[in-house]
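These numbers come from a predicted model, not from an experiment. Below, read A as the first sequence line, B as the second, and so on, with proteins coming before strands; counting in each chain starts at 1.
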Protein chains: 2
Amino acid sequence: MDRPPADIWKEFERNVVSHSAAHHIVAIAELLESRGYARVSDVAKTLNITRGSASLTLKALKQRGFVEEDENRFLRLSEVGESIARAILGKRVLIRRFFTNVLGVPEKTAEVDSCKIEHLVGTGTMRRLDHYLRFLESQDRAVQSFKEAWRSFSASIEEDAPEAPARSPAMGTDAQADLPIDA
Amino acid sequence: MDRPPADIWKEFERNVVSHSAAHHIVAIAELLESRGYARVSDVAKTLNITRGSASLTLKALKQRGFVEEDENRFLRLSEVGESIARAILGKRVLIRRFFTNVLGVPEKTAEVDSCKIEHLVGTGTMRRLDHYLRFLESQDRAVQSFKEAWRSFSASIEEDAPEAPARSPAMGTDAQADLPIDA
DNA sequence: AGCATTTGATCGGTATGCCAAACACTGGTT
DNA sequence: AACCAGTGTTTGGCATACCGATCAAATGCT
């Protein structure tokens, strides 16, 4: 008696860009930043996929107007493409900061987790997370003693919590097998 | 000189279950909970997909040993399937709680966002979020004044922040067009 | 100039995940 | 017995997203 519109779960695919496309765009942005140029091959190398795959995906991104091409095959980001890249990178940074600085998640884990969800979380939610983190980084006295208290609280729990808890069997052929928290 | 293993971004697909599969499993769990039974059609109705699609996906989940079938076509979850369902639901609840209770994200947004990422976030990260939320719900005096301070801080920002900010043009044929936060 | 490499595109092939349509099977009505 | 609604499966189609193989064009080396 509460299964509402029922289609919320499909919102997963209704994003501006897919996970794959997001990383193609971000790769271009990072390549331009670090090397000054980005070609199809460079994107492919960065993402560890074949040139053929990158070529195809980038063709679609060109058609959608996110990526543009030089007369010499050099890739650029359009206005929109750049704002997408900025948005995704901004979200990633925020999420990582939250995971590592607030929750105390290990670097590596934070990177993987943030990279998985960066393009999926809504802008409104991220704006709020941004404010929250700003607040936590302010000099407010209440914040200071709060962080103090949280540090000792989490330390007291951490003690017997191995980060890589010697996985159990079962779980089929799959890779990492992450789930089970039974919260 | 910093593109590390380069394959982190592919972790996206290396999950125990896909987004779709996750929701099939959760649907079964919720149907069993609310009605006491779950058939292929019920799952399809719940997820708003055709019976054909559900039939196919559930067949795969049976083969992987997450879902089992009655002699009368009634679906159950295996041990593993149930732990997956619990894990996902647990994660969803945690994330929603964080979004709504801490960040102050509107209900609807929190539901959509948490449903998008629930199956993607690692267990270790979620365990830490769990602790954090528990801490925030404790009676610690530092926590109390912190929450007080955060409320007024966020209220002072909220003022001119319409939750549905009259989207701009561009952004092609896509649906919601969420991104741009330019953080 | 001549051959090798790099680059980008294209073409099957695979896998997921959705749809619509066709089919078979069941149980209840009439 | 005839019918029909509900259920589950199968099939073909589409879209995404990867692979490997092949190909043309540009570039590089000797």
> How would you list, by chain and number, every residue that makes a ring pair (Phe, Tyr, Trp, His ring centres under 6.0 Å) with B/Phe12, sequence neighbours excluded?
Replying inline: A/His19, A/His119
>> Rounding to an integer number of Å, can you tell me how far A/Asp7 CG sits from C/dG17 P?
In response: 17 Å
> By salt bridge (charged side-chain N to carboxylate O under 4.0 Å, His left out), which residues pair with A/Arg73, not counting sequence neighbours?
Replying inline: none
> On DNA chain D, which is the earliest and which the latest nucleotide, 5' to 3', with an atom closer than 4.0 Å to a heavy atom of chain B?
Replying inline: D/dT7 to D/dC19
>> Distance criterion of 3.5 Å, no angle test: do you see the side chain of A/Arg73 paired donor-to-acceptor with the base of C/dG8?
In response: no
>> Applying side-chain contact (heavy atoms from CB on, under 4.5 Å), can you list everything that pairs with B/Arg92, at least two apart in sequence or on another chain?
In response: B/His23, B/Val26, B/Glu30, B/Leu89, B/Arg96, B/Ser114, B/Glu118
>> Taking only side-chain N and O atoms of A/Arg51, does any of them lie within less than 4.0 angstrom of OP1 or OP2 on C/dG8?
In response: no
> Is the shortest side-chain N/O distance from B/Thr50 to OP1 or OP2 of C/dC18 below 4.0 Å?
Replying inline: no
> For the atom pair OG1 (A/Thr100) and NZ (A/Lys108), what is the distance rounded to the nearest 0.5 Å?
Replying inline: 15.0 Å
> Quick one: NZ on A/Lys62 to CG on A/Leu58, what's the gap to the nearest 0.5 Å?
Replying inline: 6.5 Å
> Ion pair present between B/Arg151 and B/Glu148, side-chain N to carboxylate O less than 4.0 angstrom?
Replying inline: yes
> Other than B/Phe74, which residues form its hydrophobic cluster under the rule that side-chain heavy atoms must be closer than 4.5 Å?
Replying inline: B/Tyr37
> In residues 54-62 of chain A, what residues come within less than 4.0 Å of DNA chain D, judged by heavy atoms?
Replying inline: A/Thr57
